[in-house]
Every structure is written in structure tokens, then in C-alpha cells.
Amino acid sequence: MVRYWLMKSEPGAYSIDDLERDGTTHWDGVRNHQARNLMRDDVKVGDLVLFYHSNADPPGVAGVAKVVREGYPDFTAWDPKDRHFDPRSDPEAPTWSMVDIAFVERFRDPVPLRSLKDDPALDGMLVTQRGQRLSVQPVEKHLFKRVLDLAKRSPAG
DNA sequence: GCCAACGTTGGC
DNA sequence: GCCAACGTTGGC
């Protein structure tokens with residue numbers, strides 16, 4: 001069964017445009033246990049992903065990706081030159097996991113966080129909740145579809 | 001740049 | 001095990 005997710009990236013680090021250019025990418029560098037658990041255990045090939053730009057102006061959902069490879073060791077944890085190097089991650093028992101995602105679509109009009117918060121149909125969506133920092137979040141199907149609807153709606157209304 | 005929210009670390 | 005200090009996230 002296809003599941004739905006939201007993944008955050010700072011566009012200065014990696015944006016939906018970068019993914020469109022690259023086609024696929026490793027979702028590396030996640031160093032949070034809860035997000036790691038989701039990628040290791042729950043994110044499956046074929047799942048769909050809302051690609052979210054955090055620390056952007058404005059922050060919001062910029063497009064869609066799909067999962068093309070399931071959880072496997074995040075090898076950047078073993079690279080001393082990598083920003084996310086973790087000397088405690090043992091190659092024999094990897095601490096951190098990642099998945100691969102592929103480009104699906106870049107919204108012509110990204111859906112700002114403000115619009116997500118203002119939409120009563122999206123009540124309860126994790127990303128709209130204050131203090132919610134999880135960088136890989138589950139998204140309920142009806143919420144995922146609603147975000148797509150918002151993205152397709154013309155800016156004029 | 002500010003700062004609230006949250007996770008992690010480390011002294012005790 | 002508690003909790004203060006500290007670092008990071010991420011909206012504004």
C-alpha cells in the first residue's frame with residue numbers, strides 16, 4: 001500500500017530544482033532517531049513524498065517525489081569530511097539510514113506553509129503544528145491529496 | 001537576526 | 001535519574 005510522507009530540505013542545501021536536475025538523490029544527513037526509524041522501517045518503494053522547503057522564503061511544499069530505494073545505511077555518516085559525519089556510527093552496525101527518492105513534479109506555484117495553516121481541510125497536518133521539527137513526517141492520504149489540490153489551484157483563486 | 005521549541009549531553 | 005546547559009531547527 002502506498003504511503004505518503006513529507007520531507008524537509010533547506011533549498012540552499014538541496015532544493016526541488018536540484019532534484020529535477022539530478023533525477024534521483026540520496027536522502028542523506030538525517031541525524032534524528034525518529035526520522036531515521038521511519039526511513040529504516042516504514043518508507044517503501046513507490047511511496048510518495050511532499051518535498052518541503054524549510055528555512056525558505058516562504059517556507060512551503062515545492063513539489064512531489066517518489067521513493068525508489070528503501071532504507072539502507074547512510075554512508076555519509078562515515079565520511080569525516082561530510083557535514084553530517086558521525087564518528088559513533090559503526091559500519092558493522094550502521095546508526096543512520098536513508099532512502100533514495102526520484103523527481104516527480106515541481107509545483108509551478110509552491111504551496112506556502114501559510115496556506116497550509118489557513119486551510120481548515122488540513123487541520124492536524126503535522127507540518128503546520130508549532131514546534132514540529134521532524135524532517136521526515138508521515139502524511140495522511142487525504143491531506144496529501146489536498147495539498148496537491150492546493151498546488152493545482154490557480155493563484156487568482 | 002531573534003527566539004521558541006525541542007533533542008542531546010554531561011555533571012551530579 | 002534529574003536537570004541545566006548547550007546546540008539545532010526553522011518560522012518569523
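So that the names make sense, note that chain A is the first sequence line, chain B the second, and so on, each numbered from 1.
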Q: Listed in order of residue number, which residues of residues 111-122 of chain A have a non-hydrogen atom at under 4.0 Å from DNA chain B?
A: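 Within residues 111-122 of chain A, no residue comes under 4.0 Å of DNA chain B.
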
Q: Judged by atom type as modelled, is there a donor-acceptor pair below 3.5 Å linking the side chain of A:Gln137 to the main-chain atoms of A:Leu134?
A: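 The answer is yes, because a donor-acceptor pair under 3.5 Å joins these two groups.
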
Q: To the nearest 0.5 angstrom, please state how far the OG1 atom of A:Thr24 sits from the CD1 atom of A:Ile101.
A: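 So the gap between those two atoms works out to 9.0 Å.
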
Q: Rounding to a whole Å, what distance do you find between A:Leu126:CG and B:dC6:C1'?
A: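 Rounding to the nearest Å, CG of A:Leu126 and C1' of B:dC6 are 15 Å apart.
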
Q: Sort me out a list of protein N/O and nucleotides 7-9 of chain B N/O pairs below 3.5 Å, or just none if empty.
A:
residue	atom	partner	partner atom	Å
B:dG7	O4'	A:Arg133	NH2	3.2
B:dT9	OP1	A:Arg88	NH1	2.9
B:dT9	OP1	A:Arg88	NH2	3.1

Q: Tell me which pairs pass salt bridge (Lys or Arg N to Asp or Glu O under 4.0 Å) where either residue lies in residues 23-41 of chain A, with sequence neighbours left out.
A: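 For residues 23-41 of chain A, and leaving out neighbouring residues, the salt bridge (Lys or Arg N to Asp or Glu O under 4.0 Å) pairs sorted by first residue read A:Arg31-A:Asp74.
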
Q: Using heavy atoms to find the nearest nucleotide of DNA chain B for A:Gly131 and A:Asn55 separately, return the residue whose nucleotide is more 5′.
A: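 Nearest nucleotide further toward 5': that of A:Asn55.
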
Q: Do any side-chain atoms of residues 57-71 of chain A form donor-acceptor pairs under 3.5 angstrom with protein atoms, and if so which ones, sequence neighbours left out?
A:
residue	atom	partner	partner atom	Å
A:Glu70	OE2	A:Val45	N	3.1

Q: Are A:Leu113 and A:Met7 grouped together when hydrophobic residues (ILVMFWY) are joined by side-chain heavy atoms under 4.5 angstrom apart?
A: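 Different clusters.
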
Q: Looking only at the side chains, is there a donor atom on one of A:Trp27 and A:Asp100 sitting less than 3.5 Å from an acceptor on the other?
A: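 Per modelled atom types, A:Trp27 and A:Asp100 side chains form no pair under 3.5 Å.
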
Q: Among residues at least two apart in sequence or on other chains, which ones pass side chain to side chain donor-acceptor pair (under 3.5 Å) with A:Tyr14?
A: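 With neighbours one apart ignored, the set is A:Asp22.
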
Q: Once you round it to whole Å, what is the distance between P of C:dG10 and CD of A:Glu10?
A: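 Roughly 7 Å, once rounded to whole Å.
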
Q: Does A:Arg130 place a side-chain N or O at less than 4.0 Å from the phosphate oxygens OP1/OP2 of C:dG11?
A: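 For C:dG11, neither OP1 nor OP2 has a side-chain N or O of A:Arg130 closer than 4.0 Å.
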
Q: So, using side chain to side chain donor-acceptor pair (under 3.5 Å) as the criterion, who are the partners of A:Asp82 when residues are at least two apart?
A: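 Residues passing side chain to side chain donor-acceptor pair (under 3.5 Å) with A:Asp82: none at all.
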
